[in-house]
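Worth saying up front: this structure is predicted, and the values here are computed from it rather than measured. These numbers come from the heavy atoms of this one structure, side chains and all, not from hydrogens, waters or symmetry mates. The residues of the chain are indexed from 1 along the displayed sequence.
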Amino acid sequence: MGRSYGFLLSILCASVGLTAADWNILNQKGKHRLDITLKNYCESWRMNVELHNIREFEVVPDECTEYIGKYMSSTQYRVDSERAIDECTVYLSTSCSLEGDGKDAWIFDIDDTLLSTVPYYKKHHNGGEKLNVTSLEEWMTKATAPALSHTLRLYNDLKGRGVQIFLVSSRREDLRSATIDNLVDVGYHGWTSLILRVQEYKAATRKQLINEGYRIWGIVGDQWSSIKGFPTAKRIFKLPNPCIMFPE
């Protein structure tokens with residue numbers, strides 16, 4: 001009896017191990033009455049990146065790079081991004097009691113928030129290649145990243161309301177000149193401060209601003225690492241970006 005139980009247990013363990021190793025969502029076709037396609041799989045992967053369920057990935061799954069590339073160039077990406085910015089505007093208009101004393105503040109990330117890196121990632125397999133920081137920074141020095149028009153609209157709205165704008169980015173300090181040139185060339189002007197290389201210190205930067213008396217009404221960023229941590233703003237707004245995830 002004991003030997004039979006042990007034999008059955010070993011078979012079960014081997015079966016579980018094989019199942020775990022070989023599991024792929026595309027193999028689930030027909031199960032649970034689902035007819036799963038590659039598009040379903042890639043859309044589910046993208047959505048779970050945005051929901052912060054999938055974390056710290058290094059590359060987009062190879063089978064999804066074409067889908068992600070199409071998404072980042074699609075009307076749906078623009079609609080998703082513009083909806084997030086529209087929600088910022090609604091919040092700003094209905095829930096922010098701006099005092100107009102020079103201490104109302106808003107924080108923006110830069111890459112894929114104010115400036116788009118999509119042209120770079122199009123040349124690098126739409127996130128399917130492991131990030132080469134040297135290559136990305138060489139591209140940044142060219143200062144050719146296009147503006148995200150919906151975020152530029154919010155940026156100008158905030159300026160018009162007298163809100164102090166802080167740009168907080170993990171770009172290195174030696175990219176400051178190229179970053180300023182790029183921002184100005186595509187229409188961003190009049191920010192209060194540009195704070196660079198603070199990926200791990202973004203929460204500390206917010207704490208410093210609060211200690212200086214600023215009321216941070218909102219943060220807009222495409223990375224969870226840009227908006228998480230305490231202290232935080234009164235509201236945070238996440239823009240879509242399934243191409244890359246920076247460590248938290």
[atom1]-[atom2] distance between [X] and [Y], expressed to the nearest 0.5 angstrom:
{"X": "K159", "Y": "W106", "atom1": "NZ", "atom2": "CH2", "result": "16.0 Å"}
{"X": "E173", "Y": "L196", "atom1": "CD", "atom2": "CG", "result": "5.0 Å"}
{"X": "E66", "Y": "K39", "atom1": "CD", "atom2": "NZ", "result": "12.0 Å"}
{"X": "T179", "Y": "R176", "atom1": "OG1", "atom2": "CZ", "result": "8.0 Å"}
{"X": "C64", "Y": "K70", "atom1": "SG", "atom2": "NZ", "result": "12.0 Å"}
{"X": "F108", "Y": "L114", "atom1": "CZ", "atom2": "CG", "result": "6.0 Å"}

Any side-chain donor paired with an acceptor under 3.5 Å for T75 and R78?
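Side-chain D/A pair, T75 to R78: present.
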
Looking only at the side chains, is there a donor atom on one of D111 and T117 sitting less than 3.5 Å from an acceptor on the other?
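Short answer, no.
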
Which heavy atom in [X] sits nearest to a heavy atom in [Y], and how many Å separate them?
{"X": "T144", "Y": "W139", "answer": "OG1-NE1, 4.3 Å"}
{"X": "A84", "Y": "F237", "answer": "O-CD2, 4.1 Å"}
{"X": "V220", "Y": "T113", "answer": "O-CG2, 3.5 Å"}
{"X": "L152", "Y": "V186", "answer": "CD2-O, 3.7 Å"}
{"X": "D80", "Y": "Y71", "answer": "OD2-OH, 2.6 Å"}
{"X": "L183", "Y": "L167", "answer": "CD1-CD1, 3.7 Å"}

Look only at the side chain of [X] and the backbone of [Y], and say whether a donor-acceptor pair between them is shorter than 3.5 Å.
{"X": "S193", "Y": "I195", "result": "no"}
{"X": "N182", "Y": "A145", "result": "yes"}
{"X": "T89", "Y": "I85", "result": "yes"}
{"X": "S44", "Y": "N40", "result": "no"}
{"X": "T141", "Y": "E138", "result": "yes"}
{"X": "S169", "Y": "I110", "result": "no"}
{"X": "S135", "Y": "N132", "result": "no"}
{"X": "D157", "Y": "L154", "result": "no"}

Hey, are the side chains of [X] and [Y] touching, using non-hydrogen atoms and a 4.5 Å cut-off?
{"X": "T151", "Y": "L239", "value": "yes"}
{"X": "Q164", "Y": "L209", "value": "no"}
{"X": "L115", "Y": "L148", "value": "no"}
{"X": "C42", "Y": "L38", "value": "yes"}

Give the intermediate values and the outcome of side-chain contact (heavy atoms from CB on, under 4.5 Å) for residues I219 and R206.
CA-CA 10 Å; I219 302 173; R206 296 193 291 270; 3.4 Å; yes

With side-chain contact (heavy atoms from CB on, under 4.5 Å) as the criterion, how do I180 and W191 come out once you've worked through the C-alpha distance, each side chain's angles and the decisive distance to 0.1 Å?
CA-CA 10 Å; I180 291 173; W191 57 81; 4.1 Å; yes

Strictly below 4.0 Å, N to O, side chains only: are [X] and [Y] in salt-bridge contact?
{"X": "D86", "Y": "R153", "answer": "yes"}
{"X": "E99", "Y": "K103", "answer": "no"}
{"X": "D101", "Y": "R215", "answer": "yes"}

Please enumerate all residues that pass side-chain hydrogen bond (donor to acceptor under 3.5 Å, both in side chains) together with S93, with sequence neighbours excluded.
R161

Is it true that atom CZ of R83 has more than 12 heavy atoms of other residues, nucleotides or ligands lying nearer than 6.0 Å?
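Atom CZ in R83 is not crowded, with 12 or fewer foreign heavy atoms closer than 6.0 Å.
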
Parallel, tilted or perpendicular: which one describes the rings of Y214 and F166, with boundaries at 30° and 60°?
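It falls in the perpendicular class, over 60°.
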
Quick one: do I165 and L98 end up in the same hydrophobic cluster if we chain Ile, Leu, Val, Met, Phe, Trp and Tyr together by side-chain heavy atoms under 4.5 Å apart?
yes

Joint cluster assignment, L158 & V184, ILVMFWY side-chain distance < 4.5 Å
yes

Under the side chain to side chain contact (heavy atoms under 4.5 Å, CB included) test, which residues partner T94, sequence neighbours left out?
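Scan of T94 (side chain to side chain contact (heavy atoms under 4.5 Å, CB included), adjacent residues dropped) gives V90.
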
Taking the ring centre of each residue, are Y155 and Y188 less than 6.0 Å apart?
yes

Could you please spell out the steps behind the side-chain contact (heavy atoms from CB on, under 4.5 Å) verdict for L136 and Y120?
CA-CA 7 Å; L136 177 60; Y120 173 83; 3.6 Å; yes

